[in-house]
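Working notes, beginning with the structure itself.
A quick note: this is a predicted structure, and the numbers were derived from the prediction, not measured.
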Amino acid sequence: MEIKQKKRHEIPSEFKWNLEDIFTTPADWHKGVNSLPGKIAEVEAFKGKLKDGKALLDCLETLHKAENILSRLYVYANMRLHEDSNVSEAQGMADVMESQVAKFSTAASFIEPEILELDESTVQSFIKNTPGLDLYGRYLENILRKKAHILSAEIEGILAAASEMGEGASNVVSMLEDADMKFGSITNENGDTVEVTGGRFISLMESPDRRVRVDTFNLFYDGYWKLKNTFAALLNTSVKKDIFFSRTRKYATARDAALSVNNIPAEVYDSLVKTIHEFLPVMHRYMTLRKKALKLDELHMYDLYTPIVEEADTVMPYDEAKKKLVEGLAPLGKDYLNAMAKGMESGWLDVYENEGKRGGAYSWGTYGTHPYVLLNYDNKLGDLFTLAHEMGHAMHSYYTWETQPLVYGDYSIFLAEVASTVNETLLMEHMLKTTDDEKIRMYLLGEYIEQFRGTVFRQTMFAEFEHILHTMAENGEPLILDSINKVYRELNEKYYGPDMVVDEKIDLEWARISHFYRAFYVYQYATGYSAAIAFTKKIQTEGTPAVNAYIDFLKSGSSDYPINVLKKAGVDMSTPEPIREALKVFESLVTQMESAYA
């Protein structure tokens, strides 16, 4: 039997998201697009006029209302593309919105420079004496903080116009992977012919049959090796884009520019890497354990994803996954559970893979609607945890949008992975406590360890990779295929230790990591996971007060700097302690697993 991807129309409607909640018809979307020139003109009308508090207030209100309209149009177009990238209409819609975003950014680029032309005392006077402007106090403070890096209105306009070109490398990679690259098929452990796709890659790599893993690994990475120089050129272009924008804005490094967006000190990044390095011997112990548990003479990179307790029954149909999720998140209270359950039945989710659909999973949406979740659900236990993860994102957005005004109706990237990981961790702890099958418990224990490996260690390795490449380029060193691969190989050897055979084909794994083309995001997976472990422990030990503090965190949006939002909820990420405490949990899990294989 040959297993192929389904066409979009073959997926039942109850498993598709409801984009009509954003725009009822494509005609409504086009009507919205046609309104954008007027919205842009309304914003541009304030150019040169931000001389008093009333003008400033009117400008900011007009700006944010227009941005919200733009966001709805952009999200709708791109989600149409992500559900099936083979649809030319959706490709055109997404392309239109890239241009519209660039036009809008150019039109609005005068606002921050004009605000920065004002003395801080003048801005504070405006806030004090203009009714309604106090709402924007935090917003204006954040602009003034960046004063040294905001340029003239003319140059800001040029940079905004260049932003569309700056996304070129990332867009090309997405189109290659989602539409153009075909990897071929392998025979699975049941004798079925299965097409290897980006969305199916990890589930195939989880196969207990090593031959399936090897065939998948080789076929998948052969597809990337055929385009190896193309991907190296795209990554080089992306890194140079980061450096261009950071230097133009007078930052010392591209990393400094990225961290400045959320006012994150560089020490947080460096402390993460340093603390992870302290615990690499524990990671090496885990690799030794994995080799022993799988009864292998050699542990290869294609052996990383398969469960080390292969006898465990890990089939998890979607309906059962939803029930398990509600059970696992019970400590968060009825209000949280009811809102989440309603969302999962109300068109929030796009569940199954189809031809042309974007791989992986995400949560997205825009203020004034509800969150959306894209999945490629494949009835694996790991898919249950992906569901938990993405619903954490969705609920974070839900609470923020329900609570915060438009100007603070988002949350910073630094906080983005906290809620998702709290969901995963609460679910894992629940399942470990409630299963009466020792094999299943051991399987879950292995999965818990894998969450640490994949989210904390692996993402920190990615963060280190990004920092090394950008530093090389900033120092004038060439980023060519061989040099990029060399860095990536050496990091894999460092992180996985002497019991791991670092296969040559893994040298090009970086090519398929989409975050590398939008750099300096991934470290926040590791910091977010550590903060989430702290929240989870508080919820489990302190009960209602901790739950209330956590829900307040979800409601906070961008009403304060992310470090402060976490501090208010009782988690201080300005120190390495949350990371160190999380890694102690990892060490205890490895020790438990080692005792089972002693």
> Run the ring-ring contact (aromatic ring centres under 6.0 Å, His included) check on Phe201 and Phe183 step by step: do they pass?
Replying inline: CA-CA 10 Å; Phe201 174 69; Phe183 301 98; 8.3 Å; no

>> Working note: Gln451 + Tyr529, criterion side-chain hydrogen bond (donor to acceptor under 3.5 Å, both in side chains); need CA distance, chi angles, decisive distance, verdict.
In response: CA-CA 9 Å; Gln451 288 181 18; Tyr529 194 96; 3.2 Å; yes

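Within 6.0 Å of NZ in Lys182 there are more than 12 heavy atoms belonging to other residues, nucleotides or ligands. Counted within 6.0 Å of NZ on Lys7, heavy atoms from surrounding residues, nucleotides or ligands total 12 or fewer; the atom is thus considered open.
Between the side chains of Glu417 and Ser420, at least one donor N or O sits under 3.5 Å from an acceptor N or O. Side chains of Ser203 and Tyr305: a donor-acceptor N/O pair is absent below 3.5 angstrom, by distance only. Defined by atom type and a distance below 3.5 Å, a donor-acceptor pair is missing between the side-chain atoms of Glu167 and Tyr517.
Between Arg8 and Asp350 there is a salt bridge, since at least one side-chain N of the basic residue sits less than 4.0 Å from a carboxylate O of the acidic one. Between Glu177 and Arg512, none of the side-chain N atoms (NZ, or NE/NH1/NH2) sits under 4.0 Å from a carboxylate O, so this pair counts as no salt bridge. Look at Glu42 and Lys65 and you find no salt bridge, because none of the NZ, NE, NH1 or NH2 atoms lies under 4.0 Å from a carboxylate O.
Nearest heavy atoms, Tyr411 versus His393: OH-O, 3.2 Å. Pairing each heavy atom of Arg489 with each of Val502, the nearest pair is NH2-O, 2.7 Å. Of all heavy-atom pairs between Ser271 and Thr275, the closest is O-OG1, 2.7 Å. Heavy atoms only, all atoms of each residue included: Asp84 and Glu355 are closest at OD1-O, 3.3 Å.
Ring centroids of His467 and Tyr523 are separated by 6.0 Å or more, keeping the two rings apart. A ring-centre distance under 6.0 Å is found for Tyr139 and His64. Proximity of the aromatic rings of His515 and Phe462 is defined here by a centroid distance below 6.0 angstrom, and this criterion is not met. Side-chain rings of Phe231 and Tyr224 approach one another, their centers coming within less than 6.0 Å.
The side-chain contact (heavy atoms from CB on, under 4.5 Å) test with Tyr495 is passed by exactly one of Arg453, Glu490, Met461: Met461. Screening Trp348, Trp17, Trp364, Trp401 against His370 for a ring pair (Phe, Tyr, Trp, His ring centres under 6.0 Å) leaves a single residue, Trp348.
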